[in-house]
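Heavy atoms only: backbone and side chains are in, while hydrogens, waters and symmetry mates are out.
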Amino acid sequence: MTKGNSTKITDELYTYMLDHNPPLDPVQRGLVATTYAKFPDVAGMQSAEEQGPLLAFLVRLTGARHIVEVGTFTGFSALSMAQALPADGRLITCDVSEEWTSYARDAWAEAGVEDRIELRIAPALETLRAMPAEPHIDLAYVDADKENQVAYWEQLVPRLRPGGLIVTDNTLFHGSVLDESATGSAAGVRAFNDHVTADDRMDSVLLAISDGLTLSRKR
């Protein structure tokens, strides 16, 4: 195997990359700062800064009007996607924490997109199973508990329109996907990656963006 790129992402190079991407707006920047201030021990659950502009780009690229997000946390990714939606677009986002998502609600209201977002506080599998069974989702973003990723995938794929996109975060899981004896979340990600690779309903690529990002398009 030949590795095609050996560029090391130093702090300086990461800053350079951010400087050459669309900047976060004041609401996004404030939400990132608030998340790290209020929840320093779990702030790493927030999607990486560069993923906000990427998700917005994908919303516009696909012409998405109906988005489903699994895992809200403090709302940065939902905010980024909702801002890219047309005025009549809708985003359903799933979480189980009223505390974390209270900060999301504040940010969405401040950005003027709260009317585009429906937050459902319940186990995500319950929310997904209650959705219409026919293909209607344009884009889904999955960034939640890793042990349920295959189950989320199996609920989303049939509901995804042809040409629709599923974006899954943390698919390299800090490198622990290489551990064949992995347990817990790492084992869940390993199982998910194998499941996705074998699924002939979708075309998928796993990219070394942040902690690993898999893009999957329905055939």
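Under the 4.5 Å side-chain criterion, counting only non-hydrogen atoms from C-beta, Cys94 is not in contact with Ile121. For the pair Asp143/Val70, no side-chain contact is recorded, criterion being any heavy-atom separation below 4.5 Å from C-beta on. Asp211 has its side chain within reach of His174: a pair of non-hydrogen atoms, C-beta onward, lies under 4.5 Å apart. Counting heavy atoms from C-beta on, the side chains of Phe76 and Gln51 never come closer than 4.5 Å. Looking at heavy atoms from C-beta onward, Val189 lies out of side-chain contact with Asn170 at the 4.5 angstrom threshold. A heavy-atom distance below 4.5 Å is not found between the side chains of Lys146 and Phe192. Contact of the Asp203 side chain with the Arg219 side chain is registered, since non-hydrogen atoms from C-beta on lie closer than 4.5 Å. Counting only heavy atoms from C-beta outward, the side chains of Val142 and Val167 never approach each other to under 4.5 Å.
Judged by distance alone, the side chains of Thr214 and Thr171 do bring a donor and an acceptor atom under 3.5 Å apart. Glu69 and Ser77 share a side-chain donor-acceptor pair at under 3.5 Å. For the residue pair Ser47/Tyr141, the side-chain donor-acceptor check at 3.5 Å is satisfied. For Gln46 and Tyr36, the side-chain atoms include no donor-acceptor pair closer than 3.5 Å. Residues Asp95 and Ser97 have side chains that never bring a donor and an acceptor to within less than 3.5 angstrom of each other.
With hydrophobic clusters built from ILVMFWY side chains whose heavy atoms lie under 4.5 angstrom apart, Met81 shares a cluster with Ile209. If you chain together hydrophobic residues whose side chains sit under 4.5 Å apart, Ile137 and Ile92 fall into the same group. No single ILVMFWY cluster, assembled from side-chain heavy atoms under 4.5 Å apart, contains both Val32 and Tyr14. Linking Ile, Leu, Val, Met, Phe, Trp and Tyr whenever their side-chain heavy atoms come within less than 4.5 Å leaves Val27 and Leu18 in two separate clusters. The cluster map of Ile, Leu, Val, Met, Phe, Trp and Tyr, joined by side-chain heavy atoms under 4.5 Å apart, puts Val150 and Met202 in the same cluster.
The two residues Ala78 and Leu91 make their nearest non-hydrogen contact at O-CD1, 3.8 Å. In terms of heavy-atom proximity, Thr93 sits nearest to Thr72 at OG1-OG1, 2.6 Å. Annotation for Thr127 and Ala122: closest pair OG1-CB, 4.0 Å, computed over non-hydrogen atoms. Lys218 approaches Val157 most closely through the heavy-atom pair NZ-O, 2.9 Å. Nearest heavy-atom pair across Gly75 and Ala104 is CA-CB, 3.6 Å. Of all the heavy atoms in Arg201 and Trp153, the pair that sits closest is NH2-NE1, 3.8 Å.
With values rounded to the nearest 0.5 angstrom, Leu160 atom CG is found 7.5 Å from Leu165 atom CG. With rounding to the nearest 0.5 angstrom, the CG atom of Asp145 is 8.0 Å from the CG atom of Leu125. The line from OG of Ser80 to CG of Leu31 is 8.5 Å long, rounded to the nearest 0.5 Å. Note: His20 NE2 to Thr15 OG1 = 11.5 Å, rounded to the nearest 0.5 Å. Note that CG of Leu206 is 8.0 Å distant from CG of Leu213, once rounded to the nearest 0.5 Å. To the nearest 0.5 Å, the span separating CD1 on Ile67 from CG on Leu139 amounts to 5.5 Å.
At distances below 3.5 Å, at least one donor-acceptor pair connects side-chain atoms of Asp25 with backbone N or O atoms of Gln28.
Remark: of the listed residues Arg90, Arg159, Arg65, Arg161, Arg161 is the sole one forming a salt bridge (charged side-chain N to carboxylate O under 4.0 Å, His left out) with Asp138.
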Discussion item. Could you go through Arg190 and Phe173, starting from their C-alpha distance and side-chain angles, then the distance that decides it, and tell me whether this counts as side-chain contact (heavy atoms from CB on, under 4.5 Å)?
Written reply: CA-CA 9 Å; Arg190 279 176 56 89; Phe173 208 68; over 6 Å; no
Discussion item. Test ring-ring contact (aromatic ring centres under 6.0 Å, His included) on Phe73 and Tyr103; report intermediate values, then the result.
Written reply: CA-CA 9 Å; Phe73 192 38; Tyr103 294 91; 9.5 Å; no
Item to complete: Go through the steps for Trp100 and Met45 under the test side-chain contact (heavy atoms from CB on, under 4.5 Å), then give the verdict.
Response: CA-CA 11 Å; Trp100 292 341; Met45 293 197 303; 3.3 Å; yes
Discussion item. Before you tell me yes or no, could you show the steps for Arg217 and Val205 under side-chain contact (heavy atoms from CB on, under 4.5 Å), namely the whole-Å CA-CA distance, both residues' side-chain angles and the distance that decides it to 0.1 Å?
Written reply: CA-CA 9 Å; Arg217 179 184 181 273; Val205 291; over 6 Å; no
Fill in: Residue pair Met17, Glu50: steps toward the side-chain contact (heavy atoms from CB on, under 4.5 Å) verdict
CA-CA 8 Å; Met17 178 191 68; Glu50 67 269 25; 3.9 Å; yes
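No more than 12 heavy-atom neighbours from other residues, nucleotides or ligands sit within 6.0 angstrom of CD on Glu180. Within a 6.0 Å radius of OH in Tyr16, other residues, nucleotides and ligands contribute 12 heavy atoms or fewer.
Under a 4.0 Å N-O distance rule, the pair Arg120/Glu118 qualifies as a salt bridge. Taking the charged nitrogens against the carboxylate oxygens, Arg29 and Glu49 do have a contact shorter than 4.0 Å, which makes a salt bridge.
For His195, the side-chain hydrogen bond (donor to acceptor under 3.5 Å, both in side chains) partners at least two apart in sequence or on another chain are Glu154.
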